[in-house]
Amino acid sequence: MIVQVPQVLSPEQVAHCRRTLEGAAWADGRITAGVQSARAKRNLQVPEDSAEARTLGEMILGALGRNETFVSAALPLRVFPPLFNRYDAGMGFGAHVDNAIRFAGGVRFRTDVSATLFLSGPEDYDGGELVIDDAYGEHAVKLAAGDMILYPAASLHRVETVTRGARWAAFFWAQSMVRDDGRRSLLYDMDRSIGQARAALSDDHPAVLGLTAGYHNLLRMWAET
Ligand code: NI
């Protein structure tokens with residue numbers, strides 16, 4: 001399931017990220033790549049233990065915790081501290097699958113959901129689309145600054161070469177309480193339908209109660225905590 005999450009950050013928060021990252025010590029992006037992906041990867045990253053990455057990462061984690069779409073779509077158990085990357089003209093990242101297991105703060109976790117939070121607007125660069133492969137074909141994604149895309153970490157994806165300007169983004173992974181993308185997708189659709197039913201009927205309408213019970217009982221059946 002690919003889900004667009006609009007306005008995770010406000011324009012002021014995006015500007016704050018940009019200003020802070022301008023002073024960061026950018027390094028070769030292959031520092032976090034696996035063996036296969038290192039060959040395909042050409043970009044710059046802020047080292048994950050840098051002060052800038054930690055401070056901005058905290059701000060983004062705070063915004064994610066308050067974002068209903070993110071919580072409903074990802075059902076996060078653990079969220080990897082956000083990292084920051086940059087593709088200048090001539091840079092891109094060929095087709096790859098993200099590492100299945102990552103370590104953060106001494107904790108090992110599985111990557112179920114991949115996320116890219118755009119810190120540049122489409123007007124800032126040409127090329128640079130995130131292209132995600134799923135069962136229905138290829139999806140090219142380029143969003144407004146402050147918007148985020150969620151996609152299955154298991155999917156093959158790439159970043160097209162930037163041909164003008166620069167593309168800045170935050171990226172991270174979440175381990176979900178519900179490992180299976182199909183189940184997660186079903187729960188997300190159900191949660192949205194329940195919201196629509198509540199708006200159209202009432203919170204205590206029997207149909208709303210029944211659907212809500214079904215949602216929670218499926219989550220209880222499938223969740224790992
Ligand atoms: Ni990737």
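We count ligands from 1, going down the list as the structure has it; atoms in each ligand are counted the same way. Keep in mind that this is a model prediction, so the values were computed, not measured.
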When you measure from the side chain of Ser72 to the backbone N and O of Glu68, does any donor-acceptor pair fall under 3.5 Å? no

Using 2.8 Å as the cut-off, count the protein N, O or S atoms closer than that to the Ni ion (ligand 1). 3

Which residues share a side-chain hydrogen bond (donor to acceptor under 3.5 Å, both in side chains) with Ser120, sequence neighbours left out: Arg18

Just by distance, with hydrogens left out, do His96 and Asp98 show a side-chain donor and acceptor under 3.5 Å apart? yes

For Glu12, check salt bridge (charged side-chain N to carboxylate O under 4.0 Å, His left out) against everything at least two apart and list the hits. none

Parallel, tilted or perpendicular: rings of Trp168 and Trp26 (30°, 60°): perpendicular

Residues which pass side-chain hydrogen bond (donor to acceptor under 3.5 Å, both in side chains) with Arg30, listed by chain and number, not counting sequence neighbours: Asp28

